[in-house]
Amino acid sequence: DAGVTQSPTHLIKTRGQQVTLRCSPKSGHDTVSWYQQALGQGPQFIFQYYEEEERQRGNFPDRFSGHQFPNYSSELNVNALLLGDSALYLCASSSRTSGSVYEQYFGPGTRLTVT
Amino acid sequence: QKEVEQDPGPLSVPEGAIVSLNCTYSNSAFQYFMWYRQYSRKGPELLMYTYSSGNKEDGRFTAQVDKSSKYISLFIRDSQPSDSATYLCAMNRYSSASKIIFGSGTRLSIRP
């Protein structure tokens, strides 16, 4: 079992650009959540996808958008990048149909640097 | 005021010591409480979870929740250098897959 995978590992972008991050959930999981973790801080919830729809959203602007595909993988898109978007972006997968909410398995993250 | 407060440390203790990590929270609606461990350049790993008030033990780890005081703790007995990591407390309100609110993390170092 590969667990949660994320790509790319690292990314450097310029202010104003757009970025797409990708996540493949753990086998058997149908729900993907995205978190932003700034340096020295805990992860902050961005949004969650289930059945290809955004189900919950945290306090993030519309520049942050996502998508979930039929195979449960997911993308996080950030438009008009700001310096403050520099962070580790974490994907977590879980199952709504089996298991419990606590069992959110995190990927290794994508470290985004905006210059 | 943040919903979840956690002392960032760093906390340094000798090998074999008992470690106590704590968080306070303000939202009385939280019912599910978790502790995650995060090694450098890795994603968080779930260590313990507890529903409502009480204690839960798993090997060298004990989680305590006191809802009346809005205070949660994680104790690590016989600490090992491999326990050196950042520990994140986390909580959420519902039994469904609702968003998890994390503390800022405490950086722990175990000295051999």
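Naming: A, B, ... by sequence-line order, numbering from 1 per chain.
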### Task
Could you tell me if the ring centre of A:Tyr72 sits under 6.0 Å from that of A:His29?
no

### Query
What part of B:Gln38 is in contact with chain A, defined as an atom under 4.5 angstrom from a non-hydrogen atom: side chain, backbone, both or neither?
side chain

### Task
Please state whether the side chain, the backbone, both or neither of B:Pro44 comes within less than 4.5 Å of a heavy atom of chain A.
both

### Task
Could you list all the side chain to side chain donor-acceptor pair (under 3.5 Å) pairs where at least one residue sits in residues 7-19 of chain B, not counting sequence neighbours?
B:Ser12-B:Arg111

### Task
Give a yes or no on whether a salt bridge exists between B:Glu5 and B:Lys70, defined as a side-chain N under 4.0 angstrom from a carboxylate O.
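No, this pair does not count.
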
### Task
Measure A:Gln6 against the heavy atoms of chain B and call it side chain, backbone, both or neither at under 4.5 Å.
neither

### Query
Which region of A:Tyr35, side chain (C-beta onward) or backbone (N, CA, C, O), has a non-hydrogen atom less than 4.5 Å from a non-hydrogen atom of chain B, or is it both or neither?
side chain

### Query
Got a sec: does the CG of A:Leu82 have more than 12 other heavy atoms crowding it under 6.0 Å?
yes

